[in-house]
Amino acid sequence: MKLKRSHYGGSLTEDLVGQTVTACGWAQTRRDMGGVIFIDLRDRTGLLQVVFDRRDLSAAEFAVAEHLKNESVLAVQGPICIRDPETYNPKLPTGTIELRATRLELLSTADTLPFFIEQAGSVREDLRLRYRYLDLRRPQLQHNLRFRHQLQRATENYLDAHGFWQVETPILTKSTPEGARDYLVPSRVHPGDFYALPQSPQLFKQLLMVGGLDRYYQVARCFRDEDLRADRQPEFTQVDMELSFVDQEDILAHLEDLFKTVVQEVTGIRVESPFPHLTWQQAMDLYGSDKPDLRFGLPITDITAIAAQCRFSVFRRVCDGGGVVRAICVPGGDAFTRTQIDRLTTIARRCGAGGMAWLSLRPDGQVCSILTKYLTAEEIAAITAATGAQNGDFILFCADDLATVRRTLGTLRLAVADMLGLRRPGEYRFLLVTDFPQFEYSAEEKRWVSTHHPFTMPCEQDLPYLQSDPGRVRAQAYDVVLNGVELGSGSMRIHRPDIQRQMFAALGFTQQQIEQRFGFFIEAFRYGAPPHGGFAFGLDRLAMLLLGAASLRDVIAFPKSKDAACPLTGAPGRVDAAQLAALHLEGGRPTAGGAQPPAAPAVDVDAVAALAMLELTPAEREKTAADLHAMLDFTGQLAAIDTAGVEPTAHVLPLQNVFRPDVPSPGDFHDQLLAMAPTTYKNYIRLPDRDEKGGAKA
Ligand code: ASP
């Protein structure tokens with residue numbers, strides 16, 4: 001009879017001693033003691049030691065145990081026994097018990113793996129992502145995914161309990177301007193037209209409010225084609241929500257309650273509330289960032305008024321030019337070493353500042369700084385008073401234009417906190433930031449762009465400046481920040497068609513573009529739209545922060561690599577010409593009678609390795625295969641280029657620097673050359689003989 005699991009092996013306890021159980025899982029390790037074989041059986045709850053004693057099993061079953069390969073999948077049955085006390089394993093929750101197998105069924109044999117599961121944590125990430133299903137067997141990743149599931153469930157429970165309904169919105173849709181590039185999907189039915197994958201469900205959730213749904217949420221997949229960093233993925237999951245007949249305060253109260261409840265539920269840690277609340281202006285001035293980490297202080301102090309009067313030319317010049325001088329006092333920072341100060345200076349330079357002036361107050365009150373040459377004792381006293389510095393503290397300064405000073409001091413503040421170990425893991429400091437500027441000026445696009453998105457309602461009193469002075473318009477927008485990371489953003493929305501049109505106009509859209517792209521949306525507001533607002537936060541990101549994980553990839557089952565590829569499936573991949581043709585895309589050639597174009601030749605890595613006399617490890621074999629495929633792909637791409645009627649070019653580089661006409665010289669110009677020679681002999685130039693020049697020869 002086939003064995004059927006009765007218990008998860010990794011979660012068995014001494015309570016079951018004496019009972020016969022059936023456990024299933026992977027054979028993580030095998031130790032053959034001759035006649036007795038031990039394996040660690042792994043399932044998603046942990047490890048269980050299983051003992052195969054020749055005397056307890058049939059000869060056939062014992063033979064299977066003898067030849068078991070690591071990571072093979074088995075079902076075992078037998079009584080749970082207390083281990084011999086000398087073999088207790090205090091590292092395992094099941095460390096005092098073992099299953100003494102009386103039956104064994106091999107469910108699947110494993111080949112030799114590309115890496116050991118127990119050591120996968122230190123294996124190159126690209127290899128782990130290529131074999132993600134093996135990587136997922138690691139307890140750490142299973143823990144992360146379980147945690148993420150609990151986080152999502154807790155969030156959904158909260159939202160459900162507060163009257164939010166989950167509603168799905170389309171994936172194939174029109175572009176939503178969230179500031180990133182769209183992923184486009186060509187339409188087969190509408191030649192030349194494209195769907196965009198949603199950067200967020202923004203338009204639809206607002207339309208749900210117009211539709212009277214009142215409170216909506218969705219665990220929504222969003223797609224943004226941007227350059228990736230550690231905390232970005234091209235597709236990610238947002239908890240998206242929208243509410244009608246509320247104001248900003250109502251939404252912020254909900255968010256505070258939601259985060260507090262959920263974080264407490266999944267981590268057991270009490271989150272302090274009410275959350276601190278800063279306006280964007282305050283956050284930028286006090287911490288040099290719109291997402292300050294509030295696990296520590298180190299605020300920024302403006303000392304422009306003092307610096308403007310002093311003899312230090314660097315400070316004076318900046319103040320005269322309309323810049324600012326600001327400082328951070330680091331309590332106890334007098335202990336900084338020269339190397340640490342140099343490191344901070346380098347960081348300041350990288351942020352675009354000219355350098356970093358500093359002043360150290362020795363424990364005995366002596367001031368140590370180059371600034372003592374230029375600043376009077378009163379000026380130094382004024383600075384220490386303004387920054388609240390005490391003996392033993394360190395003050396660092398930045399003098400430049402406002403944006404550079406904010407950026408530099410914001411970054412230095414974090415660097416100092418890292419040096420002093422002030423960003424404590426396991427401590428959660430939330431912050432609400434409000435009153436963001438409605439627009440930012442994009443020097444690249446030479447126009448104002450939305451700081452949040454174009455559906456955000458400006459502060460009522462700033463509405464008159466939408467066209468005349470966009471820089472001073474504040475938005476009814478807010479962010480929730482956790483430990484210096486932006487968890488999510490939201491805003492009150494425009495629900496009047498006239499204001500929405502003005503907003504698009506302020507962003508530089510023509511009437512025609514507004515109609516074409518957002519006509520349907522603005523039209524909806526003409527038929528009775530409730531005042532509404534909402535918010536969205538990154539579920540992956542919150543999970544990452546609460547777990548203290550280093551990357552979003554650690555909380556996503558099948559993440560993309562840094563170059564937006566999926567090493568497991570090979571996506572994005574090439575498609576055949578017939579598919580392109582069906583989508584009316586260039587490069588597609590309809591195949592006669594539906595015949596498939598020839599497939600790319602398969603790479604025989606072993607043959608290549610044999611020819612090159614190389615012995616490849618599984619990892620090298622993998623890499624070589626990938627490289628060879630990439631080369632073949634590239635030659636395929638080259639071959640696919642339509643070169644009919646293309647002028648051959650002689651130069652790869654542009655020709656601006658070539659002054660001669662780019663025509664080959666005639667092959668034979670002897671005559672011209674010889675014509676210029678003083679004397680010739682046949683077809684050669686004849687050089688004057690010393691004799692002929694006279695003198696040398698007598
Ligand atoms: N759609 C916005 C975003 O994805 C969030 C919101 O305003 O609700 O950032």
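Order of listing sets the numbers, starting from 1, for every ligand and every atom in it. We use all heavy atoms of the structure for the numbers below, so side chains are in, but hydrogens, waters and symmetry mates are not. This structure is a prediction, so every number in the text was calculated from the model and none was measured.
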*Asks:* Would you kindly specify which portion of Ser200 sits under 4.0 Å from ligand 1, judged on non-hydrogen atoms: side chain, backbone, both or neither?
*Replies:* side chain

*Asks:* Using a strict threshold of under 4.0 Å (side-chain N to carboxylate O), is an ion pair present between Asp293 and Arg429?
*Replies:* no

*Asks:* If we check side-chain hydrogen bond (donor to acceptor under 3.5 Å, both in side chains) with Tyr217, which of these qualifies: Glu156, Lys205, Glu242?
*Replies:* Glu156

*Asks:* Take atom CZ in Arg188; do more than 12 heavy atoms of anything else shown fall under 6.0 Å from it?
*Replies:* no

*Asks:* For ligand 1, which is the ligand I care about here, please tell me if Ser491 has any N or O atom under 3.5 Å from one of the ligand's N or O atoms.
*Replies:* no

*Asks:* Step through the shown structure and confirm whether more than 12 heavy atoms of other residues, nucleotides or ligands are within 6.0 Å of CD on Glu444.
*Replies:* no

*Asks:* Regarding ligand 1, does His452 bring an N or O atom to under 3.5 Å of one of the ligand's N or O atoms?
*Replies:* yes

*Asks:* Run the contact test for Met241 against ligand 1 with a 4.0 Å cut-off on heavy atoms, strictly below, and give the result.
*Replies:* no

*Asks:* Near Lys205, which atoms of ligand 1 are under 4.0 Å from a heavy atom of that residue?
*Replies:* 6 (C), 8 (O)

*Asks:* Could you say whether the N/O atoms of Gln199 and ligand 1 ever approach to under 3.5 Å?
*Replies:* no

*Asks:* Of the backbone atoms (N, CA, C, O) and the side-chain heavy atoms from C-beta on, which set of Phe535 has a member under 4.0 Å from an atom of ligand 1: side chain, backbone, both, or neither?
*Replies:* backbone

*Asks:* A quick test of your reading: do over 12 heavy atoms of other residues, nucleotides or ligands sit less than 6.0 Å from OH of Tyr195?
*Replies:* no

*Asks:* So, are Glu515 and Arg501 salt-bridged, with charged N and O less than 4.0 Å apart?
*Replies:* yes

*Asks:* To check your reading of the model: name the closest protein heavy atom to atom 5 (C) of ligand 1, its residue, and the distance in Å.
*Replies:* Ser489 O, 3.4 Å

*Asks:* For ligand 1, is any non-hydrogen atom under 4.0 Å from Arg224's backbone (N, CA, C, O), its side chain (CB onward), both, or neither?
*Replies:* side chain

*Asks:* Is any NZ, NE, NH1 or NH2 atom of the basic residue among Asp227 and Arg232 found under 4.0 Å from an Asp or Glu carboxylate oxygen of the other?
*Replies:* no

*Asks:* Where is the nearest protein heavy atom to atom 9 (O) of ligand 1: which residue, which atom, and how far?
*Replies:* Glu178 OE1, 3.8 Å

*Asks:* Can we say Arg221 and Glu235 salt-bridge, meaning some charged N sits less than 4.0 Å from an Asp/Glu carboxylate O?
*Replies:* yes

*Asks:* Which bit of Glu486 gets closer than 4.0 Å to ligand 1, counting heavy atoms only: side chain, backbone, both or neither?
*Replies:* neither

